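No experiment lies behind these values; they were computed from the predicted model shown. Numbers restart at 1 for each chain; the letters A, B, ... are given by sequence-line order, proteins then strands.
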Amino acid sequence: MYVKKSGMAGCAAVICTLLVFGLLVQVADAQEKLYKGITIKALLYAQPAAWAVEKLKGDWERQTGAKVIIETSEYGGLWEKQLMDFMARTGTYDIVAFDIPWNPIHGESGNLLPLGPLMERIGDPGYDIADVVPRVLKLHCTWKGKIIGLPFAPSVNFLFYRKDLLEDPIEKAAFQAKYGYDLRVPETMQQLWDVSEHFTREGLFGWADAPKRGEHATWAWFPFFCAWTDESFLDADNKVIIDSREAVDSLEFFVNLHKFAPSASVSWGHDEVTTLIQTKKVAVALHQAELSSAMENPEESEVVGLIGYAPVPKKKVESAGLGGMAIGLSAYSHNSEAAFKFMEWITNPSTARRVAELGGPPFRRSVINDPELSAKYPYFKAFGAALDAAFARPRIPQYVELSEVVSAAVQAALIKEKTPKSALEDGASKIREMMEKWGYPQ
Amino acid sequence: MTIPDLVHYYDQKLGKMTLLKQDQRSRVIAFQKIPFFRRPSLPLKYILILPTVITLLAVTIFPLLFSLNLSFHEWDLKTPVGARFIGLANFIAIVNDPVFWVSMKVTFVFTFCVVSLQFLLGLGLALLFTKEIIGKNVWRSIIFLPMMATPVAVGATWKYMFHSFFGIINYFLSLVNVSGLDWLGNPSLALFSIMIVDTWQWTPFMFLILHAGLESIPREPFEAAKVEGASRWQVLRYITLPLLRHAALIALVVRTMDAFKVYDLVFLLTRGGPSYITETLSIYTFRYGFRFARIGYAAALSYVMLFIIIAISRIYIRVLKRAS
Amino acid sequence: MARRIAIMERILVHCAVAVVATIASFPIFWMICTSLKTRLETFAIPPKWISFNLANYKSILLVESIATFMMNSVVISLGATASALIIGVFAAYSFARFSFRGSRDLAFWILSIRMFPPIASIIPLYLIMRFIHLLDTQLSLVIAYTTFNLPFVVWMMIGFFQEIPEELEESAMIDGCSRIGAFFRVVLPLSTPGLIATSIFCFIFSWNEFIFALTLTSYDARTMPVVISTFLTEHRVLWGQLTGAATLTVIPVLVFGLILGKYLVRGLTLGAVKA
């Protein structure tokens, strides 16, 4: 009797399972029909994460029947294309990648669809948004409390250092003799200075970064500014503080640190720094986290396994600049539902892990802490820590214009056209004037 | 055929109806062969120009007017505010912006230096090619290569060649014991480096035009000069150069116009840096137009640029007329 | 003695020409060399001169649909050249043969369009193209390129047509040709060298154009210069692939130029630059 009962229960369970399964298959079928014939166009920044998506998108296309076109562009083109597309409300692109400074612009102008309602209506319950690094979600993907993007390829700039040099016993002894303390990964600005000074010699530079004209110069100085002031360029009331005493000190330090850097670096972008590190010509450098995968590639690098990663050392606080790309859903998209599902799919926990495996930067705790991946990409641990310490550049739509003035000031100080103090004072008064005009009373 | 039709003759050369003279009656035959619609009230000369004018109007008049209109508006695409009429304020802001004047200076220095350098080099080359040279056509075709190469491609290649550590140029210099020049980072070299690339790319154009100009000069004056026993310098000064005037004008006007608008090279090599050392007008305009999305201001700037370019080419033409 | 000086001079002339030709071709040679290197070789000191590694080309050919983009470049450049020529020669002929009130101003207006900085026309052109649903089509670039090709054609061809003696047309007309007939049967054939020179220029301008191509196309009508730029991002410069794509872009025009170089000179000699 008992046996019989359980047998019946078993049968019932099997039937139930079959029914549920059948239902699921039908739902999946229905979904397939739902997106059949739809073409989604995504405008992404030409970077490893985008190339990974290009490789993986086939899986989603097979699942849903939709077609996905990935268009990649360099930075300037990325901005111009979305600018034109949004201005004309063409809807050419369903999905666009955007940098942090563009978040307030798209947020204010309503170019990107708030994702909250879509998430509620058709969101994937397994998406686990709590898994995303909170600072990335808050600073990059949210505008005025609304989520307008999903994290995709965040980035920070932090320290790349040569582990082999810093752990070398002979160097350690020499350093100890000269500075009176142990050689280690710099934790304070003074230590950074000493380490850079120590390693500057024939054929080796103690320091390198990429402060060329434009956003780069601002971006290279930014973590130093934050470390000194614990603020972004604007304080909580949007008042300009780039000429404060701490700010001037930080720029002075930054400019002096360039004694140990190649003098040509004033025209350098990130790629020159990558090359310098890869060819063993620099001991410590400020560099982009996501480019560390290039250090570990034996086809192009002589420093495989020799590079360590750390946040920018502490002054008032530890810091790093937060940047990179998030992806948003165009408000003028004709297929917003399918596009949203695709965005969700490429950033969900399992695809995010596959993207990271192919060289994209991680933005989920589960991926950052994944032991297998951290073994493959040693920068994950420091990257996770830096994301938590990272500062976002001022969140106002006019940031790019502000940054242009800052960048000119940094460059003027670097080529000794002006002293750091006068460069920043000139810059600050110009920015104040601009801020007044934009409606932020100073 | 009515009488008035007969006495009025459509003269294509003058492009209008003229009275038919008695002795030209025979040409009426030719007139009759002109298809009916060509005997028109709208003369042929206008019909021929019309497609060009219509096309250019279609593709430029709207953009031109649109930009002109924009130049009187403040329109910042970064904000949701939209366009706002502000009269001449953009133009006033332009002349009050010190960066504008810096970029004017940079642009003028750049244009003047590259155009004169390219002209002299091109002229020298063209004169060289009046000599007997084995395999002339091949050499010539090789020298034309730079101006045909895609600017984006060669600009990037030059950036790589200028690299202070891995660049081939510094490698060559190191062979003669000159070490590590910062071609693009050194404030006193950066603009010069861009000039080098521009000169490399566009001297062939000057050479081509001047060379073709020299080829088209008749031989007789030279032979006469030889008979008279004129020195090489005198031949150059009093025969070659004056005869080359028209070719030189074309080459100079085209190159000045393009050098004044230089964008790709500066963008690829320095982005206007270090500081504002290589900030040309078009870099400045593009920054406002695209990066800052201040399209009203950028439109005003491009009108300023257009006026300057037109003024310069008018001056060229006037100077040349006076010289002749 | 005089003969020895003459020989010395000949040698010097040849040396000078060889030096100039070397300088002119070196960057292009270097670009091709670089495209055949691995990244590590790219940054070797002293430089590695010759290497033969096709990995860069493989990755370009595999990842990007380069054939489509190449085809776009070809079609757009040919289309733009042809349309500018077809429209422009008539206007040039008219300017060369007839004069009427304001004709000089009209000619100057046409030239001044070529001077207009592209930044000013990009945004309005984008709006037009969107309005007539031509964004990201080959046709949109063909139209955009007439803004600089058409004025160029008109200005170049005026010179050629002026060089052709009018008597030739008149005699043709007396033989029964219409004016248009005379233009097609007499004037155009005589100005073939000029047409070739002008079309070479138009083709090169169109082939190399970047800014319009970047803004008016997205994927379907993308041209080669835009493809090159995607290897030159803010974060990575993929020198191997970049120079590989650049080589693929430059080689066709260079071959074209090497073959047609002499027509360029001959064409210009007969017309445009004559006093």
(request) Could you tell me which portion of E401(A) (side chain, backbone, both or neither) has an atom closer than 4.5 angstrom to a non-hydrogen atom of chain B? (result) both

(message) Quick check on the interface: out of E404(A), K281(A), H106(A), E215(A), who has the most heavy-atom pairs with chain B under 4.5 Å?
(response) E404(A)

(request) Using non-hydrogen atoms and a 4.5 Å limit, figure out which bit of V81(B) sits close to chain A: side chain, backbone, both or neither. (result) neither

(message) Taking side chain as everything from C-beta outward and backbone as N, CA, C, O, which of these in K418(A) sits under 4.5 Å from a heavy atom of chain B? Side chain, backbone, both or neither.
(response) neither

(request) Indicate the ring-plane relationship of F100(B) and Y284(B), choosing parallel, tilted or perpendicular according to the 30° and 60° boundaries. (result) tilted

(message) I'd like to verify something: which residue of K416(A), M84(A), Q411(A) has the highest number of heavy-atom pairs under 4.5 Å with chain B?
(response) Q411(A)

(request) Check each atom of K430(A) against the heavy atoms of chain B and say whether the ones under 4.5 Å are side chain, backbone, both or neither. (result) side chain

(request) Please check if the side chain of Y303(B) supplies one atom and the backbone of L64(B) the other of a donor-acceptor pair under 3.5 Å. (result) yes

(request) Could you have a look at K159(B), R291(B), R271(B) and say which one has the most heavy-atom pairs with chain A under 4.5 angstrom? (result) R291(B)

(request) Tell me, for T79(B) versus chain A, whether the close heavy atoms (under 4.5 Å) come from the side chain, the backbone, both or neither. (result) both

(request) Would you mind checking which part of W268(A) comes under 4.5 Å of any heavy atom in chain B, side chain (CB onward), backbone (N, CA, C, O), both or neither? (result) side chain

(request) For this output row, return yes or no: ring centroids of W221(A) and F233(A) closer than 6.0 angstrom. (result) yes

(request) May I ask you to name which of S263(A), G76(A), P262(A), P104(A) has the most heavy-atom pairs under 4.5 Å with chain B? (result) S263(A)

(request) Tell me, for S407(A) versus chain B, whether the close heavy atoms (under 4.5 Å) come from the side chain, the backbone, both or neither. (result) neither

(message) Less than 4.5 Å to any heavy atom of chain A: does that hold for the side chain of P187(B), its backbone, both, or neither?
(response) side chain

(message) What part of L269(B) gets within 4.5 angstrom of chain A, counting heavy atoms only: side chain, backbone, both, or neither?
(response) neither

(request) Verify, without hydrogens or angle tests, whether N69(B) (side chain) and L65(B) (backbone) share a donor-acceptor contact under 3.5 angstrom. (result) no

(message) Between K212(A) and E272(A) (salt bridge meaning N to carboxylate O under 4.0 Å), is one present in this structure?
(response) no

(request) Decide if the gap between the ring center of F205(A) and the ring center of F165(B) is smaller than 6.0 angstrom. (result) yes

(message) Test of understanding: with ring pair (Phe, Tyr, Trp, His ring centres under 6.0 Å), list the residues that count as partners of F112(B), not counting sequence neighbours.
(response) none

(request) Check whether F290(B) gets within reach of chain A through its side chain, its backbone, both or neither, counting any heavy atom under 4.5 Å. (result) both

(message) For the interface with chain B, which of A217(A), P397(A), S265(A) has the highest count of heavy-atom pairs at distances below 4.5 Å?
(response) P397(A)

(request) May I ask you to check whether H163(B) and Y160(B) place their ring centers less than 6.0 Å from one another? (result) no

(request) Any chance you could measure T285(B), atom OG1, to R294(B), atom CZ, to the nearest 0.5 Å? (result) 12.5 Å

(request) Test Y75(A) against D99(A) for side-chain hydrogen bond (donor to acceptor under 3.5 Å, both in side chains), laying out the working first. (result) CA-CA 9 Å; Y75(A) 193 84; D99(A) 194 4; 2.5 Å; yes

